[in-house]
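Order of the sequence lines fixes the chain letters, A, B, ..., with proteins taken first and strands second; residue numbering starts at 1 for each chain.
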Amino acid sequence: MNLFADIRALVIDCLTEMTTDGLLPDGLSFDNVAVEPPRDAAHGDMATNAAMVLAKPAKMKPRDIADALASRLAADARVNSADVAGPGFLNMRLDAGVWASVVHNALTNADFGKSDLGQGKRMNVEYVSANPTGPLHVGHTRGAVFGDALASLLAYAGYDVTREYYINDGGAQVDVLARSVYLRYLEAHGQEVTFEDGTYPGDYLIKAGEDLKAKVGDAYLDKGEEVWLEEVREFATDAMMTMIREDLASIGVKMDVFYSEKSLYGTGRIEAAIKDLDDKGLIYRGTLEPPKGKLPEDWEAREQTLFKSTDYGDDVDRPIQKSDGAWTYFAPDIAYHFDKVSRDFDALIDVFGADHGGYVKRMKAAVAALSGDSVPLDIKLTQLVKLYKNGEPFKMSKRAGTFIMLRDLVDEVGSDVTRFHMLTRKNDAPLDFDFDKVTEQSKDNPVFYVQYAHARVHSVLRKASEAGMDLSDLAGADLSLATHEAELALAAKMAEWPRLVEIAAKGHEPHRVAFYLYDLASELHALWNRGNDDVSLRFIQEDNVAASQAKIALIKAVSVVISHGLSILGVTPAEEMR
RNA sequence: GGACCGUUAGCUCAGCUGGAUAGAGCGCUGCCCUCCGAAGGCAGAGGCCAGAGGUUCGAAUCCUCUACGGUCCGCCA
């Protein structure tokens, strides 16, 4: 149930009626007619722009349309009044019974807020996809949290979502990993080793070296790469992926599919994808122009196999083979996306870090070409996370190994705080993460503020039960006993939930959920605080069970919405604060 | 040289895809504690939405240019 959709349907019905009655010309499109909450609540409960949108195509004055529409809207039982305002806005006030039905719905219908927007379409969300060369760090964490919340949001909005992780286990970086683990393996055998440039010096590989020793003993000692490289590579990537899975699990991320890049090699799948493009006339041998501006010192023109991505909006064509004939990283990426397309997904989403911004156009070009423009690909970039401690920037150095890992975040502030905070910013804006502020228990901290709202409701429920109040049938409460404007304002904010889900899902913007929850929590706290001054607004009315039930039904419904929202974000709805 | 992202209150940021007088928190100013929790509450001040053009009934939102900041730019993934 989406109240805004219901009222919009009413508006459309009235407009259709007006057309039949000859008040509007035939053939008008009502697509742009919107029903929204007014910017200023004083204007009413709902507003429609119908008159203004239709004025031009109908060649009529907005006010004339608005007046005729207003009287028809007001005839509906749900609409108490409809007034024309400003340039032609139509403001409606809704009957208290409408809000009561929203509350009732939230309490009885477990799917309140869920949407059929997605219509069961199959959506693939690829996120994290960090190289299997070490544990996840802060940047990955943001991508993981964002992708996961987006996937949950889309599922809530009616899509059939697959969460997917692409393991980059086919490139040179896993050779580097293997050599680094080999060094740790030698170390485990008591040898002195040095980590040159081009190896990974991180401590996290020590255990992998020891485990390798436990597995193969001294079999690889004093042997050349040709003996051990392939097996160590396999061993090491497995170890890293196990670590990464644990990292992901610690912030509640669980993938449906782990897709191996390596599985594309030697199976003809890359070749098949390239052939598909070739058949479309998009592959050719050629030489790229040198990049403008500062030239790399060793730049020289070379003939390569190129993908004509400029046909699909890219700036230059992209190489898919190196000059020695080996595939570039782009080739398996094409094959991977070809695979996604051929798995019959209706739409794809990739979540990348900001440093991959340069690959957006070519990836979109590839998918457009491979799918014949039938499968949309949206690429969401997550910007950098800036860490602070005590208000001071937290310096990270890759060389010194002082990288902040996902595990550090979870150990320090917990999964809930990490997740919520990372979703309080748009994905494409940089994010500040202050270790001290995010754990602060005050209203300045949105994480706490929202959880506190949920906990407060449960605190009331506990108190009411302790007082011997019967709460077994809140859905049956007489909500006409809770119609103070402050109570209706809370119900109205809650009624926005289903609409917000659709807006957020359409835009692939889970942060909207976080901001909405903050607003909703804010309304709840405001109502609570008014109870301090106005005893009649307190939720528990000692001498009036029916009124108490109505008020508690209202806030219980709010807590249900909060818990739905939090679960989309992957945050636990706390029932009490410590 | 180019691509992408950003620029909104002193600070940190929202702004529902083109709608009404641009919002929230912090900070600032002034009031308010014998309270279902003051780990606060209420109110107020504070804006040329980076700048300039354009599109139209109407622009923070769309287009063009400029400025500043970030990310990136063949044979690394």
Checklist entry - For A/Lys556, does the NZ atom sit with more than 12 other heavy atoms under 6.0 Å from it, leaving out its own atoms? => result no
Checklist outcome for this item: A/Asp470 meets the side-chain contact (heavy atoms from CB on, under 4.5 Å) criterion, sequence neighbours left out, with A/Ser472, A/Gln549
Item to check | Out of B/C75, B/C13, B/C16, whichever nucleotide has its closest atom nearest the side chain of A/Phe515 | outcome: B/C13
Item to check | Atom C1', compared across B/C63 and B/G47: separation rounded to whole Å | outcome: 25 Å
Next on the checklist: Between A/Arg179 and A/Thr199, does the side-chain hydrogen bond (donor to acceptor under 3.5 Å, both in side chains) criterion hold? Intermediate values first, please.
Outcome noted: CA-CA 7 Å; A/Arg179 293 188 189 103; A/Thr199 56; over 6 Å; no
Item to check | Contacting residues from residues 312-327 of chain A, given that a heavy atom lies under 4.0 angstrom of RNA chain B | outcome: A/Asp315, A/Pro319, A/Lys322, A/Ser323
Checklist entry - Among B/C13, B/C75, B/A20, which is the nearest nucleotide to the side chain of A/Arg425? => result B/C13
Next on the checklist: If I pick the P atom on B/G15 and the same atom on B/G53, what distance separates them, to the nearest angstrom?
Outcome noted: 28 Å
Checklist entry - Which nucleotide, B/A20, B/C75, B/A14, lies nearest any side-chain atom of A/His511? => result B/A14
Item to check | Residue list, salt bridge (Lys or Arg N to Asp or Glu O under 4.0 Å) with A/Arg8, at least two apart or on another chain | outcome: none
Checklist entry - What residues, two or more places apart in sequence or in another chain, satisfy ring-ring contact (aromatic ring centres under 6.0 Å, His included) together with A/His356? => result A/Phe352, A/Tyr359
Item to check | Which residue lies more 5' along RNA chain B, comparing A/Lys386 with A/Thr48 via nearest heavy atoms | outcome: A/Lys386
Next on the checklist: As a test of reading the structure: which of B/A14, B/U17, B/C5 is closest to the side chain of A/Glu36, going by heavy atoms?
Outcome noted: B/U17
Checklist entry - OH of A/Tyr329 versus P of B/C75: gap in Å, rounded? => result 6 Å
Next on the checklist: Within the 4.0 Å heavy-atom criterion, would you say A/Asn91 contacts the bases, only the backbone, or no part of the nucleic acid?
Outcome noted: base
Checklist entry - Taking the C1' atom of each, how far is B/U12 from B/A52, in whole Å? => result 29 Å
Next on the checklist: Any side-chain N or O of A/Lys361 below 4.0 angstrom from OP1/OP2 of B/A3?
Outcome noted: no
Checklist entry - For A/Asp432 and B/U12, what is the distance between atoms CG and C1' respectively, to the nearest whole Å? => result 7 Å
Checklist outcome for this item: By ring-ring contact (aromatic ring centres under 6.0 Å, His included), A/Tyr449 pairs with (sequence neighbours left out) A/Tyr518, A/His525
Item to check | Residue-phosphate contact under 4.0 Å: A/Lys426 side-chain N/O, B/A14 OP1/OP2 | outcome: yes
Checklist outcome for this item: When rounded to whole Å, the CD1 to P distance for the pair A/Ile379 and B/C5 reads 12 Å
Checklist entry - Taking the same atom, P, in B/A38 and in B/C42, what whole-Å distance lies between them? => result 12 Å
Checklist entry - Is A/Glu502 salt-bridged to A/Arg512, cutoff N-O under 4.0 Å? => result no
Next on the checklist: The criterion is salt bridge (Lys or Arg N to Asp or Glu O under 4.0 Å); which residues satisfy it with A/Asp317, sequence neighbours excluded?
Outcome noted: none
Checklist entry - Can you check the A/His525 NE2 to B/C42 P distance for me, whole Å? => result 11 Å
Close N or O pairs between protein and nucleotides 62-71 of chain B (under 3.5 Å):
| residue | atom | partner | partner atom | Å |
| --- | --- | --- | --- | --- |
| B/U71 | O2' | A/Ala354 | O | 3.0 |

Checklist outcome for this item: Residues passing the side chain to side chain donor-acceptor pair (under 3.5 Å) test with A/His337, sequence neighbours excluded, are A/Asp350
What pairs of nitrogen or oxygen atoms, one from the protein and one from nucleotides 36-38 of chain B, lie under 3.5 Å apart?
| residue | atom | partner | partner atom | Å |
| --- | --- | --- | --- | --- |
| B/C36 | OP1 | A/Arg538 | NE | 2.8 |
| B/C36 | OP1 | A/Arg538 | NH1 | 2.2 |
| B/C36 | OP1 | A/Arg538 | NH2 | 2.9 |
| B/C36 | OP2 | A/Arg538 | NH1 | 2.5 |
| B/C36 | N4 | A/Trp528 | O | 3.2 |
| B/G37 | OP2 | A/Lys463 | NZ | 3.3 |
| B/G37 | O2' | A/Arg456 | NH2 | 3.2 |

Next on the checklist: Walk along nucleotides 22-32 of chain B from 5' to 3' and tag each nucleotide B, S or - by protein heavy-atom contact under 4.0 Å, base first, then sugar-phosphate.
Outcome noted: S-SSS------
Next on the checklist: Tell me whether the NZ or CZ atom of A/Lys389 lies within the 45° cone about the ring axis of A/Phe435 and under 6.0 Å from its centre.
Outcome noted: yes
Checklist entry - A/Tyr449 OH to B/G41 C1': how many Å, rounded? => result 11 Å
Checklist entry - 5'-most contact on RNA chain B: A/His43 or A/Ala172, nearest heavy atom basis? => result A/His43
Next on the checklist: Base, sugar-phosphate or nothing for A/Gly507? Non-hydrogen atoms, less than 4.0 Å.
Outcome noted: base
Checklist entry - Can you tell which of B/A20, B/C75, B/C4 lies closest to the side chain of A/Leu381? => result B/C4
Checklist entry - Do you know which of A/Asn91, A/Leu90, A/Val35 makes side-chain contact (heavy atoms from CB on, under 4.5 Å) with A/Met46? => result A/Val35
Next on the checklist: Applying side-chain hydrogen bond (donor to acceptor under 3.5 Å, both in side chains) to A/Asp534 and A/Ser536, what does each step give before you reach the verdict?
Outcome noted: CA-CA 5 Å; A/Asp534 182 348; A/Ser536 74; 2.7 Å; yes
Item to check | B/A22 versus B/A59 - spacing of their C1' atoms, nearest Å | outcome: 12 Å
Checklist entry - In whole angstrom, what separates A/Lys364's NZ from B/C4's P? => result 11 Å
Next on the checklist: What is the distance, to the nearest angstrom, from the NZ atom on A/Lys308 to the C1' atom on B/G74?
Outcome noted: 17 Å
Checklist entry - Is the shortest distance from a Lys or Arg side-chain nitrogen in A/Glu509 or A/Lys426 to a carboxylate oxygen in the other one below 4.0 Å? => result no
Checklist entry - Taking all non-hydrogen atoms of both residues, which atom of A/Leu282 and which atom of A/Tyr312 are closest, and how far apart? => result CD1-CE1, 3.8 Å
Next on the checklist: Here's one to test your reading of the geometry: is the NZ or CZ of A/Arg499 within 45 degrees of the ring axis of A/Phe4 and under 6.0 Å from its centre?
Outcome noted: yes
Next on the checklist: Please classify the nucleic acid contact of A/Glu261 as base, sugar-phosphate, or nothing, using heavy-atom distances under 4.0 Å.
Outcome noted: sugar-phosphate
Item to check | Pair A/Arg233 + A/Asp175, salt bridge at N-O below 4.0 Å | outcome: yes
Next on the checklist: I'd like to check the salt bridge (Lys or Arg N to Asp or Glu O under 4.0 Å) partners of A/Glu230; sequence neighbours left out, ordered by chain and number.
Outcome noted: none
Item to check | Inter-nucleotide P distance (B/G41, B/A3), Å rounded | outcome: 48 Å
Checklist entry - Under a 3.5 Å cutoff on both atom distances, Watson-Crick or G-U, what's the dot-bracket for RNA chain B ([ ] crossing, | other strand)? => result (((((((..((((.....[...)))).(((((.......))))).....(((((..]....))))))))))))....
Checklist entry - Expressed in angstrom and rounded to an integer, what is the separation of A/Met92 atom CE from B/A20 atom P? => result 16 Å
Checklist entry - Could A/Asp64 and A/Lys61 be called an ion pair, given the rule that one side-chain N must be under 4.0 Å from one carboxylate O? => result no
Checklist outcome for this item: What one should report as the nearest heavy-atom pair of A/Gly170 and A/Glu261 is N-OE1, 3.1 Å
Next on the checklist: Between B/C49 and B/U71, how many Å separate the two P atoms, rounded to a whole number?
Outcome noted: 28 Å
